[in-house]
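Just below is one structure, and these are the notes that go with it.
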Amino acid sequence: MSAQTVQTRPAADRASAADRGGGQQRPQRVAWLFIAPFAVFYLLFLIGPAAYMFIASFTDTSLVQGGLGGWAGLANYQEMLTSSLFWSAMWHTLQFTLYTVPPLVVLSFVFAVLANRMQRGHVFWRMAFFVPFILPSASISLIWVFIYTGDTGLLAQVQQWFGITAPTPVLADPATAMIGIAVTTIWWTIGFNFILYLAGLQDIPRELYEAAAIDGATPWQQIRHLTIPLLRRTTTLVVLLQIIASLKIFDQVYLMTDGGPGTSTQTALVLITRTGFTDYRIGAAAAASALLFVVIVAIAVVRQLVDRAQQKEA
């Protein structure tokens with residue numbers, strides 16, 4: 001082997017390495033170009049407003065004056081934490097969460113199991129459960145306001161068929177208004193959880209159920225000892241998403257009752273909206289938003305810690 005050959009090989013190796021490095025950088029640059037539009041919108045419409053919210057929560061920012069206003073320190077947080085309206089709104093938010101999360105988890109699981117076991121009509125049942133979820137909240141609210149209308153609504157007609165001459169004013173009664181909103185939400189959003197559970201069920205191998213049936217397991221025993229444990233991760237996801245969505249309830253309340261009667265259905269986001277855009281007190285509204293954000297993050301963290309502990313025990 002000549003000395004010239006020995007000298008040219010390292011140079012060729014360096015050139016090929018440089019080409020490979022350049023080839024690896026090109027896909028990365030292309031990937032960043034594709035991500036850039038989303039990253040810009042993410043910064044402008046999520047990170048930016050969130051940062052502005054936390055800054056404004058320490059000031060007396062108002063819609064009737066420009067800029068951030070004067071420094072208020074923790075005064076806005078103190079006002080919210082000592083306000084009966086704030087704690088009432090937080091209780092109504094928690095009340096709505098308790099009304100909606102268990103039914104949305106249990107019913108979506110039951111309906112998904114039944115639909116998955118059906119031999120025919122899979123497409124029909126998927127559409128029947130999922131179509132309401134794609135409708136806008138305004139349409140859903142109008143439909144159910146008509147159903148709950150005192151004397152001429154669908155619920156009143158059904159009650160009259162059973163001899164009830166005084167129909168229940170669901171949305172006009174503080175004792176039943178939140179229940180009516182919860183029923184509306186369950187009917188509207190159950191399709192999303194239904195699809196998640198159905199996808200999880202279809203990932204479970206059929207051989208497991210066949211083996212369990214051969215061993216003499218009943219359908220209930222198959223669900224209890226196979227389906228529920230194998231869908232634990234799906235259930236964790238559904239519960240977490242549902243809790244977060246329920247804590248952020250706004251559309252149905254605002255469109256159906258506007259927080260009434262009185263303040264019986266005023267949730268945290270409705271209070272924040274009124275404080276910021278009716279009273280023009282953006283600083284106080286930002287403080288309430290930050291407190292709600294802390295609650296949501298805390299619940300998500302606790303749920304994740306519980307899930308990890310369960311996985312370690314398993």
Side-chain angles (χ1 to χ4, degrees), residues 91 93-135 140 144 176 178-249 252 295-314:
W91 162 243
T93 305
L94 178 61
Q95 183 183 14
F96 176 82
T97 303
L98 294 175
Y99 285 165
T100 56
V101 172
L104 281 170
V105 174
V106 175
L107 292 178
S108 59
F109 172 77
V110 172
F111 291 144
V113 170
L114 294 176
N116 190 56
R117 288 178 174 267
M118 295 184 65
Q119 300 296 328
R120 298 180 180 179
H122 291 284
V123 176
F124 170 77
W125 290 111
R126 292 176 189 176
M127 293 293 293
F129 281 102
F130 191 71
V131 164
F133 181 73
I134 66 177
L135 296 176
I140 298 298
W144 281 88
T176 58
M178 186 62 78
I179 297 175
I181 297 173
V183 171
T184 302
T185 304
I186 292 170
W187 180 84
W188 178 30
T189 60
I190 194 172
F192 180 74
N193 298 339
F194 171 81
I195 292 298
L196 290 179
Y197 272 122
L198 195 60
L201 287 169
Q202 293 176 352
D203 286 339
I204 300 176
R206 288 289 180 183
E207 292 78 6
L208 296 177
Y209 293 104
E210 294 173 359
I214 293 173
D215 291 337
T218 63
W220 165 244
Q221 289 174 335
Q222 294 176 22
I223 293 173
R224 180 182 177 184
H225 298 290
L226 283 177
T227 306
I228 294 178
L230 292 174
L231 288 180
R232 180 176 298 174
R233 295 181 65 86
T234 302
T235 301
T236 299
L237 175 64
V238 169
V239 170
L240 183 60
L241 292 177
Q242 198 57 58
I243 290 175
I244 293 174
S246 297
L247 290 174
K248 298 190 299 181
I249 174 66
Q252 303 93 291
V295 171
I296 293 174
V297 171
I299 291 176
V301 170
V302 170
R303 188 67 189 87
Q304 291 297 325
L305 293 176
V306 172
D307 183 51
R308 290 182 181 180
Q310 292 176 349
Q311 289 179 356
K312 290 180 179 179
E313 291 178 359

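These numbers were taken from a predicted model, which means no experiment stands behind them. As a basis for the values below, the full set of heavy atoms in this structure was taken, side chains included, without hydrogen atoms, waters or symmetry mates.
- Not counting sequence neighbours, Thr176 has no partner by the side chain to side chain donor-acceptor pair (under 3.5 Å) test.
- Here Phe111 and Phe129 bring their ring centres to under 6.0 angstrom of each other.
- Note that the CD1 atom of Ile204 and the OH atom of Tyr209 stand 3.5 Å from one another [nearest 0.5 Å].
- For the atom pair CG of Leu104 and OG of Ser246, the computed distance is 6.5 Å after rounding to the nearest 0.5 Å.
- Between the side chain of Gln222 and the backbone N or O of Thr227 there is no donor-acceptor pair closer than 3.5 Å.
- Within a 6.0 Å radius of CE in Met118, more than 12 heavy atoms belonging to other residues, nucleotides or ligands are found.
- Within the model, atoms CD1 of Ile179 and CD of Gln95 stand 7.5 Å from one another, a figure rounded to the nearest 0.5 Å.
- Contact check for Tyr99 versus Thr185: no side-chain heavy atoms found under the 4.5 Å cut-off.
- The number of heavy atoms from other shown groups lying within 6.0 Å of CH2 (Trp187) is above 12.
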N/O donor to acceptor pairs below 3.5 angstrom from side-chain atoms of residues 233-244, sequence neighbours left out:
| unit_1 | atom_1 | unit_2 | atom_2 | d |
| --- | --- | --- | --- | --- |
| Thr235 | OG1 | Tyr197 | OH | 3.0 |
| Thr235 | OG1 | Leu231 | O | 2.9 |
| Thr236 | OG1 | Arg232 | O | 3.0 |
| Thr236 | OG1 | Asp307 | OD1 | 3.3 |
| Gln242 | OE1 | Asn193 | ND2 | 3.0 |

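- Between Leu114 atom CG and Leu198 atom CG the span is 11.0 Å, to the nearest 0.5 Å.
- Distance check: Leu226 CG to Ile223 CD1 gives 10.0 Å after rounding to the nearest 0.5 Å.
- Gln252 places none of its side-chain heavy atoms less than 4.5 Å from the side chain of Trp144.
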